Protein chains: 2
Amino acid sequence: MTNFQQSSKLKPNKKEIARLKNQALILKAAETIFANQGYEGASMNSIAVAAGVPKANVLYYFKSKDNLYETVLETILAEWNLGLTDISRDDDPAQALTSYIARKVRLACEQPMKSRLIANEMLRGAPFLSSHIREFTRPWFRGKVAVIEHWIESGKIQPINPEHLIFMIWASSQYYADYQTEILILQNKLEYEEQDIIEITQSLKQLVFAALGLSA
Amino acid sequence: MTNFQQSSKLKPNKKEIARLKNQALILKAAETIFANQGYEGASMNSIAVAAGVPKANVLYYFKSKDNLYETVLETILAEWNLGLTDISRDDDPAQALTSYIARKVRLACEQPMKSRLIANEMLRGAPFLSSHIREFTRPWFRGKVAVIEHWIESGKIQPINPEHLIFMIWASSQYYADYQTEILILQNKLEYEEQDIIEITQSLKQLVFAALGLSA
DNA sequence: ATAGCAATTGACCTATTGGTCAACTGCTAG
DNA sequence: CTAGCAGTTGACCAATAGGTCAATTGCTAT
């Protein structure tokens with residue numbers, strides 16, 4: 001090949017740089033606005049303004065509102081389980097759960113918009129996400145349930161309903177993102193601090209560990 | 001007084017009956033649609049159609065979309081803590097918490113739209129609810145935190161962070177309403193059954209009781 | 001019976017929505 | 001240097017939004 005600039009990865013010229021920068025700018029703005037206003041509440045114009053580009057430019061990169069929304073959702077889902085160390089049957093329950101809970105709580109507190117966007121989608125009946133849940137979340141979920149059942153059978157933890165254990169860990173962590181407004185008012189705070197994240201993690205861990213008969 | 005039909009309560013004529021019936025019809029339809037579509041997603045027309053009345057009639061009874069939305073929220077809040085037996089420091093922790101958890105879970109599973117409507121409002125930053133939270137929820141919350149602290153000091157339960165304990169009970173129960181779509185897919189079910197409510201209640205109680213050192 | 005008012009409703013208003021389009025700009029390849 | 005195309009953008013469009021209004025209906029008190 002005489003031309004080594006064919007593929008996009010090998011052609012980082014001004015146009016490509018501008019395109020990637022604009023796409024990222026729009027996606028970031030869209031994530032925030034979709035998370036705070038919901039799908040219907042977010043207007044393409046407000047997203048364009050937040051991104052600092054004309055509305056027509058948003059629709060140039062993303063063919064429709066649906067397309068933009070789906071792209072934002074996919075981006076979030078890709079990061080959603082990133083950094084969540086996977087849990088397998090040979091792991092030590094105390095260690096695995098400690099790590100999982102800590103990361104879940106931190107993710108919810110530090111990047112609440114991701115959880116909120118998914119919450120908005122769920123409240124609408126998950127029109128865009130239900131197929132993803134069926135295809136990816138369900139197998140993952142079944143796997144983790146099996147791991148917990150194995151831990152119970154081998155006497156590593158006390159008997160408990162594995163499905164509801166998982167749901168309650170999800171619930172307790174995501175609540176701090178989705179209901180942040182209420183929690184901050186009740187605690188008379190303006191925002192979460194590092195100490196809050198530590199306390200939330202500790203409290204949730206205490207609940208789970210006590211029920212499973214694990215020691216901290 | 002010669003006329004005993006002055007007050008509305010003493011004048012149940014056709015007009016009044018029709019008015020109350022229509023208002024109830026509209027409120028019920030609005031609750032469902034606001035809960036499923038959110039404030040922005042719900043249109044006055046769709047609410048009118050769901051209620052079976054012309055749109056202009058909806059705006060005759062409720063002066064604006066804001067007014068209708070606020071009325072729906074107030075109606076829900078009035079029922080929200082109804083049936084939730086209050087908890088005081090002299091109560092037996094095991095009994096009080098058992099009752100509270102059971103009713104919370106049942107409310108979430110049987111009337112998920114109420115929780116979802118509040119969740120939608122929270123995700124938007126609680127523009128209509130924040131004053132209510134400050135005025136009513138916060139004093140209630142402080143009171144319950146004090147009760148739990150008293151239980152801890154008098155040795156009735158093991159030490160725990162009272163605020164996060166309450167949040168996690170709220171989170172775990174409301175999750176079954178707000179994320180119902182996901183849970184049903186993961187469990188391969190069409191709807192919650194009585195047995196599910198029992199199991200959820202039991203699992204949540206198990207978590208809380210273990211942490212507090214209470215026996216079932 | 002009838003005056004008067006609550007309630008009903010279709011037509012209509014303006015603002016905003018998601019989306020299109022054609023004219024324009026400027027980078028890049030040859 | 002320049003042809004051509006990716007990218008940019010203001011103007012525009014039909015559909016729908018929340019809300020108004022005036023004409024009409026029908027119940028009720030006298």
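Values in this document were obtained by computation on a predicted structure and should not be read as measured data. Proteins come first, then strands; the chains are lettered A, B, ... in the order of their sequence lines, and each starts at number 1. Keep in mind that the numbers below use all heavy atoms, side chains included, and drop hydrogens, waters and symmetry copies.
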Nearest-Å distance for atom pair CD/P, residues A:E40 and D:dT16: 13 Å

Cation-pi geometry met for B:K104 and B:Y176 (6.0 Å, 45°): no

Nucleotide nearest B:A56 (side chain, heavy atoms from C-beta), chosen from C:dG10, C:dG18, D:dG7: C:dG10

Euclidean distance, atom CE of residue A:M44 to atom P of C:dA15 [Å, nearest integer]: 23 Å

Donor-acceptor pair under 3.5 Å, A:K55 side chain vs C:dG18 base: yes

Atom-to-atom span, CG of B:L25 to P of C:dT8 - whole angstrom: 11 Å

Rounded distance (Å) that lies between atom P of D:dT8 and atom CD of A:Q23: 10 Å

Between D:dG19 (C1') and B:Y60 (OH): distance, integer Å: 16 Å

Distance in angstrom units between A:Q37 CD and C:dG18 P, rounded: 12 Å

Residue B:S43, side-chain atoms from C-beta onward, closest of C:dG19, D:dT8, D:dG18: D:dG18

Residue B:P54, side-chain heavy atoms: nucleotide from C:dG19, C:dG10, D:dG7 that is nearest: C:dG10

Between C:dT9 (C1') and B:N22 (CG): distance, integer Å: 13 Å

Ring-face cation of A:K65 near A:F34 (centre distance under 6.0 Å, axis angle within 45°): no

Side chain of A:S64 (C-beta onward), nearest among C:dG19, D:dT20, D:dT8: C:dG19

Phosphate OP1/OP2 of D:dG7: any A:R19 side-chain N/O under 4.0 Å: yes

salt_bridge(A:R106, A:E194) N-O dist < 4.0 Å: yes

Pair B:E31 + B:K28: basic N to acidic O under 4.0 Å: no

Sugar-phosphate only, base, or nothing, as touched by A:A42 at under 4.0 Å among non-hydrogen atoms: sugar-phosphate

For atom CG of B:L20 and atom P of C:dA7, their distance in whole Å: 10 Å

Test item: side-chain donor near acceptor, A:E182 and A:Y175, under 3.5 Å: yes

